[in-house]
Amino acid sequence: MNETLIRDEIVEAIDDIRRPPGHLVAASMSAVRAERSRHTNPNFASAAAVLITAAVIAVLVVASTLRHAANSRPATQPRIGGSVCSIPVRTDQGPGFVELPSGLFRPAGLPAASATAYNPATHKWLPTDPQGVSPDGKIVALLDNAKGHNQTLRLETSTGTLLYMRINVMRILGWSSDGSLMITTVDFPARLLKIAADGRHAEWIDPVGNETTMWSFARGQYVWGVALPYQDPDQHREVVRLDLATNSVSDWYAMLPDSFNDTGYGPILGLSSDGYPIVPQLKTNSRSAIYVIRSKDAPTPVYVSSGDEMTPNLFWPEDASDGKSGLMITTTDGELYASLDSTGLSLVQVPNSVRVYSFAAGCT
Amino acid sequence: MGSAGEQLLIAKAKQGNDLAYEQLLASLVEPAHRLACGLLHDTHLAEDAVQEAAVKGWRKLKNLKDGVPIQPWFLGIVVNQCRDMQRGHWSRHVMKREVVEPTESADDSAIRRMEVRRLLELLSRQERLVIVLRFYVDLPWADVAAIAGLTEAGARARFYRGLAKVRPKDPAAVTA
């Protein structure tokens, strides 16, 4: 057996047990911030730790009680009705489709690492982020992260013709109004790279008024990101918007203190169907909520968790998808929430304990 | 990466800018998780190892010399973290977890993958480390040697010695 074959065997053997770590950056940063808080103010931190531990225990007890109650009374769960669709997802059991409203999971039977996005136009699973598929599905930006160096981007037609290739890609952001692909790179993290859909030219964009921004999503005329606009000991973050017509960056929304962004979740989960950022945030009464920020400094709540100040019902969003079938959210616990009718977000009961972590495309 | 862009982010992160550190982590977690999974053979333990390494990396970032690329340095922290976890948990739990017991219903390729994992677990720590770094994280020999704390020649020697132990013993498999 030659070296290439044994290499393939070893890669397959480890791939067999590995789930790509979609949420690991957020979880790691949450741990980093907790560490920093402990060092910044040890007395406060120890007191806070006691309080947080007590709160977590209380929440777990309440959640467990509620879950038990829900399991024993399934008829009282809010029913999801309305339109029927099938959403491609990444789960702990590999990629597949969740049928709505039934919640039935249909595995795609593909390795998790090579099937992270779905192109509804060609019905193909692809190794990329969902925003790597162009709006019409004719161009796809694939990511190869199997190498030890940084991700390699391949811009291809949906039939596999290579248009453009680049190493050191940090993130695929999405597609601009003129059909160009927007990405960030590790070579120049403060800039954005705009690649024409035919792959024939690419231009750097230097955002004006940008300090340290992590760019998250692009659609149409705007690119959305999160910035640290000023020296703040608590490092509260600001959602910012880059206008591709002028390359200027403007503040859009200052995340509230004690919001999810301070625990590493988010802040931008995705874009709404009309192109605005969807962010999770703790409310002042400790309940969790999801907002769409369609106007500067004016977030619109699209979901507020149940519970009250003493027994908040927290959930920790991981991914969002919004389209014709309404808003859908996944949580770090692998729960899927969908809003397929007028009652708002409801938990979808996916049989066989399938944990849904993120979306591979919108619901079709 | 090792680029000017990376050095800019490292400089900002050293000043306490956690968004800069998050951007650095964004390109580190994938190879780090591959490495941890290759060493621990458990995707969830691997996530724990990377998360802990991220905290230690943040704490020790000031020790990273100017101009030095962050990836080999960070992967070195991941290796140490995996070693600590193996001492405390893995050797008691995970090593006993997977026993290859072929059944009529299991397909041959799945059995072979389990067998390969079992053979990897039987290697010495450094043999397994250099094989995972070279084959699964796909690093150049210089980085493999630096992370493993070996010379390049030493890393290659352990690599080929380990590889010989993972090759199938079944003559039919050799000709396949």
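Lettering of chains follows the sequences in order, A, B, ..., and the numbering in each one begins at 1. Quick note: numbers below take in every heavy atom, side chains included, and nothing from hydrogens, waters or symmetry partners.
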Closest heavy-atom contact between B/V116 and A/A13? CG1-CB, 3.6 Å
What distance do A/E238 atom CD and B/L19 atom CG have between them, rounded to the nearest 0.5 Å? 12.5 Å
Which atoms of B/L25 come close to chain A, meaning under 4.5 Å heavy atom to heavy atom: side chain ones, backbone ones, both, or neither? both
Calculate, to the nearest 0.5 Å, the distance between atoms CD1 and NE2 belonging to A/I17 and B/H44 respectively. 10.5 Å
Between B/C37 and A/R18, which heavy-atom pair has the shortest distance, and what is it? SG-CG, 3.5 Å
With chain A as the partner chain, list the residues of residues 153-160 of chain B whose heavy atoms fall under 4.5 Å from it, by residue number, and write 'none' if nothing qualifies. B/F159, B/Y160
What's the separation between atom CD in A/E9 and atom CZ in B/R112, rounded to the nearest 0.5 Å? 4.0 Å
Separation between CD1 of B/I131 and CZ of A/R7, rounded to the nearest 0.5 Å: 12.0 Å
Value for CG (B/D18) from CE (A/M29), rounded to nearest 0.5 Å, stands at 4.5 Å
Minimal heavy-atom distance between A/V25 and B/A26, with the atoms involved, is CG2-CA, 3.8 Å
Student check: side-chain heavy atoms of A/D16 and B/R117 closer than 4.5 Å: yes
Heavy-atom closest pair (B/F135 atom, A/V11 atom, distance to 0.1 Å) is O-CG2, 3.7 Å
Minimum-distance pair of heavy atoms, taken over all atoms of A/T213 and B/Q23: O-NE2, 3.4 Å
side-chain hydrogen bond (donor to acceptor under 3.5 Å, both in side chains) partners of A/R166, counting only residues at least two apart: A/D187
Could you tell me the separation between the OG atom of B/S27 and the CD atom of A/Q151, rounded to the nearest 0.5 Å? 8.5 Å
Testing the basics here: between B/A54 and A/V32, what is the closest heavy-atom pair and its distance to 0.1 Å? O-CG2, 3.7 Å
Heavy-atom distance under 4.5 Å between the side chains of B/E6 and A/V186, does that happen here? no
With a 4.5 angstrom heavy-atom cut-off, could you sort out which part of A/D15 is near chain B: side chain, backbone, both or neither? both
Report which part of B/L8 has an atom under 4.5 Å of a heavy atom belonging to chain A: side chain, backbone, both, or neither. neither
